[in-house]
Amino acid sequence: MKKEIPKTYEPNKYEDEIYDAWEKSGFFNPDNLKLPKNAKSYTIVLPPPNITDKLHLGHSSMLAIEDLLIRFHRMKGYRTLWIPGTDHAAIATQNVVEKKLLKEKGLKRQDLGKEKFLKEVWKFLKTTQATILSQTRKMGASLDWSREAFTLDEARKKAVAKMFVDMYKEGVIYRGERIVNWCPRCKSTLADDELEYQEQKTKLYTFKYDKNFPISIATTRPETKLGDTAVAVNPKDKRYAKFVGEIFEADFLGTQLLIKVFSDREVDKDFGTGALGVTPAHSMADWKMAEENKLNIMKVIDEDGNIRSGFGKFSGKTALEAREMIVAELKNRNLLEKEEEINNNLSVCYRCGTAIEPLPSKQWFVAVDKKIKRLGNKSLKEKALEVARKKKIKFIPFRFTKRYTDWMENLHDWCISRQIWFGHEIPVWYKTRNVECGTRSEGEIYVGVNPPKGKGWVQDQDTLDTWFSSGMWTFSTLGWPDNFKKNKKSGDLKKFHPTQVLETGYEIITLWVSRMIMMSLFATGEVPFENVYLHGMVLDKFGKKMSKSKGNGINPVDMINLFGTDAVRLSLLVGSTTGNDMRLSEDKISSFRNFVTKLWNIYRYAVTACPDFKLVDKLDRRNIKTLADRWIVSRLNILIKEVTDDLDSYRFSLAGEKLQNFIWNDLADWYVETSKVERNWNVLGYVLGYVLKLSHPFAPFVTEKIYTDSNQRMNPNSRIKNKLLMVEKWPVADKKLVDKKAEKEFETLQEMITKIRNLRSSYRIAPGVVISAYGKSVKNIELIERLARIKFDGQSAKGIAVSARKMEIVLDVAEFVDMEKEKARLRKEIQDLETLAIKTEGLLKNKKFLESAPKVIVAQNKIKLVEYGEKIKTQKELLKNLG
RNA sequence: GGAUCCUUAGCUCAGUUGGUAGAGCGCUUCGCUUACAUCGAAGAUGUCAUAGGUUCGAGUCCUAUAGGAUCCACCA
């Protein structure tokens, strides 16, 4: 069954059908792999992409790296599992849908009500989810789709509720009041790491509460000063020392304040007046001071960002309106001493950009410092630090360990409740529930996986932080809690937990990695993964972060359509280093497309030139005949060792580069190109077969295509034609085939041939004179001879022509069987050429010769008459003119 | 304020434990030779940011400086 092979590999034609074949084979699922019972497991959980949007190149990079690891280990004989999934990304998704609703229908979520709104969210997420999954397949990701999960599906809901209840029962989850970062627009709390900071100019006002108050204070937010209960000064500040410990009454524009003066080291003497008005309810730092100094707490601003009742004319106004009113009144009363512009770092909501309002509020927390019995009386924080320090979890590159431990050490209790509709419900019910300006009081409370029986129970209206559910990802996807009864693992959890590698972006160490570690330790007593491999961000060719708003993002699917998945994968894997950002441009991707074509054409050449060509699994050493054979086989076996080592050590880029060099330079340019005369197809079949295996994790499609194409050609009627490269055994280097002597000898030949090539070009080019037309083209040699005959002494010119012929003979050197004979031949060639070079040079120095020479340059089958500046003429035309 | 990373060819970046400076793209010249023009051959280009130190030997290790990027903390 022989068919024509196209000149170039056409990815779009084959990729979908190849992916189908993989998927149908069932080998993405480790249960279908034919493995010995004691085969080791190798598991990666895919960091679930947010369902807010389709995938970008950053995701592609993640998929490329993980699929490389997965395919490599699958071929190495591990019980290899890669679990797919998506993340519901609560706040982000809710925001996207809200914006969409407003834009398309002019509706707010409140207009729809919770139930209808959530329906809209699900409608939205189903479409993006579908897009994400199809993009993932396009990348060639060999994920086990039978185990696909979503952070908000039924199984995960069950796991999350169980986790919450368990932690509550251990006293790790508690409800408490404290200052939270409140977004008045999203009406939700934000974690510290969900804040963004905006540098901006703000006015700093210096004033006194009233004219009898002894100390002036400075603030950028006068409206919050309605809730001041103290003034803090630096203990070393002599100006205020005499007031410390005293309590003053003040009348701040109609509001009665009781101000205690105390000292605190945190206060900067040189900022403003050196005295800080303390507003415990509306500043993180002040809250801390209030706790230490047992200050009263007075709330001024409510959840909508308005001034609460009880503040006279200011009540009901927005914070900004109140600020303006207060400043105006301070001016009127002559209390305002100074008004200056300063640079201020404003915290804003990372989703909507609204200024954050720090507010005290009742929230659910995970206690990170509480000693936990099941963790050997250590806290989550201590245990999470221990596993990193004892290297039960290794960070790659190592330096990120420090980022993790530093952050862990300073970790505060984690607020896990969010005031949004979309997300995991909190498994808590109350009997009576009053809501009044952020303070909630309730009577009876019930915490359990299943709703309580009886009437009058109302479920907690809040939802859980996304990271609470994604923090459980490694074990919730492996069947926890059903697979974890009485502290014993069973099923998937037993087979695949802990996982081997978590591959993710370094920016997510604190948000996600740390939470996974804590939650896994609590739930299973195990680390969630043994290694954390961190990749950098993918930037555009100017080094800017790709983002939708900037419009500089490259859509991976566009690139795949243009250049093929293999090229996209290679460009993401080669030329980048662990933990560092990388730039990507179309040029880079297209150069890898060319590489894929190269690989394809080695195969194409073999099949066209040798109808019986086949890939060889085992090489009979008697088939290694020529020096070139020994050389390429030796090089291959060194390559196998190096690539395997590199991949084992996460040096993907290096491994890819070595493969590329071998395939392009050694195999194509030297082995295939130089030994055309008597090709050893057996050796080529062996080398190509092994190269395909080594390259498969990098470029799965083209390698699989070549592999199956070859099998189908040679074995159209046997089962072999359905064999997949994907599950072939990873090559093992054979030390006996490494032949250093052969490599050295071959290198000598390479050097000699290169020298001849150099000689050829060294005297080929001379200003204004003929030259060129080397090569086999008889026409060109004829041309030189004719030009020479017309104008000069025949002999000298003939020399040039002859030399042209000779050089081609050198390049045809094919068989390096008799090394000494071959070397002698090459040496003679070099000598001849050198003599010729001297002769020619002499000729070219001859003024008479130069003056009378036709000033032509032969290039690209076209001849340019330089002297007359004439336009390019064809060779034929010139010959005609010369008669 | 604390920390990390980067600075190597015109551009984008490799360079694993210290041992003769690398790749791709681009550029110059030549070549369509039945595997490949998405190709082949040849060529040019570097005080490895700066200054010290350790060493027989430093792009690589140490110290300081400059510039760039990022993360964390945070100013009332």
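Values reported hereafter were calculated over all heavy atoms of this structure, with side chains retained and with hydrogens, waters and symmetry mates removed.
- Checked against the 6.0 Å centroid threshold, A:Y14 and A:Y9 count as a close aromatic pair.
- B:A41 and B:G24: their P atoms are spaced 11 Å apart (whole Å).
- Nucleic acid contact class of A:T597 (heavy atoms, under 4.0 Å, all strands): base.
- Distance check: A:R239 CZ to A:N234 CG gives 9.5 Å after rounding to the nearest 0.5 Å.
- In this structure, A:W407 atom CH2 and B:A73 atom P are separated by 9 Å, rounded to whole Å.
- Pairs engaging residues 272-281 of chain A under the salt bridge (Lys or Arg N to Asp or Glu O under 4.0 Å) rule: none recorded [sequence neighbours left out].
- Although no hydrogens or angles enter the test, the distance criterion places no donor-acceptor pair under 3.5 Å between the side chain of A:Y707 and the main chain of A:L615.
- Remark: the separation of the P atoms in B:C62 and B:U17 is 12 Å, to the nearest Å.
- For B:A76, neither phosphate oxygen OP1 nor OP2 lies less than 4.0 angstrom from any side-chain nitrogen or oxygen of A:K225.
- The closest side-chain heavy-atom distance from A:T608 to A:I5 is not below 4.5 Å.
- Side-chain atoms of A:K598 come within donor-acceptor range of the base of B:C36, with a qualifying N/O pair under 3.5 Å.
- Scanning all heavy atoms of the two residues, the minimum distance from A:S216 to A:A275 falls at O-CB, 3.7 Å.
- At whole-Å resolution of the value, CH2 in A:W670 and P in B:C36 are 20 Å apart.
- Residues passing the ring pair (Phe, Tyr, Trp, His ring centres under 6.0 Å) test with A:F395, sequence neighbours excluded: A:Y404.
- Between the CZ atom of A:F400 and the C1' atom of B:C5 there is a distance of 8 Å, rounded to whole Å.
- A salt bridge between A:R221 and A:E357 is present, with a side-chain N of the basic residue lying under 4.0 Å from a carboxylate O of the acidic one.
- Nearer to the 5' terminus of RNA chain B, by closest-nucleotide assignment, is the contact made by A:I602 (compared with the other of A:I602 and A:S283).
- A close approach under 4.0 Å does not occur between any side-chain nitrogen or oxygen of A:W664 and OP1 or OP2 of B:A23.
- Taking side-chain N and O atoms only, A:N594 has no distance below 4.0 Å to OP1 or OP2 of B:C36.
- Spacing between atom CZ of A:R604 and atom C1' of B:U34 amounts to 9 Å, rounded to whole angstrom units.
- Here the separation of B:A49 from B:C25, taken at their C1' atoms, is 24 Å to the nearest Å.
- Distance check on atom C1': B:G57 versus B:A14 gives 23 Å, rounded to whole Å.
- Regarding A:D669, its CG atom lies at a distance of 10 Å from the P atom of B:G24, rounded to whole Å.
- Comparing the P positions of B:A66 and B:U50 gives an interatomic distance of 16 Å, to the nearest angstrom.
- For the strand RNA chain B, secondary-structure stems (runs of at least three Watson-Crick or G-U pairs, all distances below 3.5 Å) span B:1-7 with B:66-72, B:10-13 with B:22-25, B:27-31 with B:39-43, B:49-53 with B:61-65.
- Ranking B:C5, B:U70, B:G24 by closeness to the A:R399 side chain, first place goes to B:C5.
- Atom NZ of A:K588 and atom P of B:U38 are 22 Å apart (whole Å).
- A tilted orientation is assigned to the rings of A:W512 and A:W467, their planes being inclined by 30° to 60°.
- Distance from the side chain of A:T8 is smallest to B:U38 among B:U70, B:U38, B:A76.
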Close N/O contacts between protein and nucleotides 14-20 of chain B (under 3.5 Å):
| from | atom 1 | to | atom 2 | distance (Å) |
| --- | --- | --- | --- | --- |
| B:A14 | OP1 | A:T577 | OG1 | 2.5 |
| B:A14 | O2' | A:E657 | OE1 | 3.4 |
| B:U16 | O2 | A:R651 | NE | 2.7 |
| B:U16 | O2 | A:R651 | NH1 | 2.8 |
| B:U16 | O2 | A:R651 | NH2 | 2.9 |

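- Closest to the side chain of A:Y605, from the set B:U38, B:A35, B:A37, is B:A35.
- To the nearest whole angstrom, the two P atoms, one in B:U34 and one in B:C27, are 26 Å apart.
- Applying the ring pair (Phe, Tyr, Trp, His ring centres under 6.0 Å) rule to A:F652 yields the partners A:Y533; only residues at least two apart in sequence or on another chain are considered.
- Across all strands shown, A:R593 has heavy atoms under 4.0 Å from base atoms, whether or not it also approaches the sugar-phosphate.
- Comparing B:C6 with B:C75, their P atoms are spaced 32 Å from each other, to the whole Å.
- The interatomic distance linking A:F262 (CZ) with B:A76 (C1') rounds to 12 Å, in whole Å.
- Comparing the same atom, P, in B:U54 and in B:U8 gives a spacing of 27 Å after rounding to whole Å.
- B:A76 atom C1' lies 14 Å from atom NZ of A:K338, rounded to whole Å.
- Remark: A:F698 engages no residue in a ring pair (Phe, Tyr, Trp, His ring centres under 6.0 Å) (not counting sequence neighbours).
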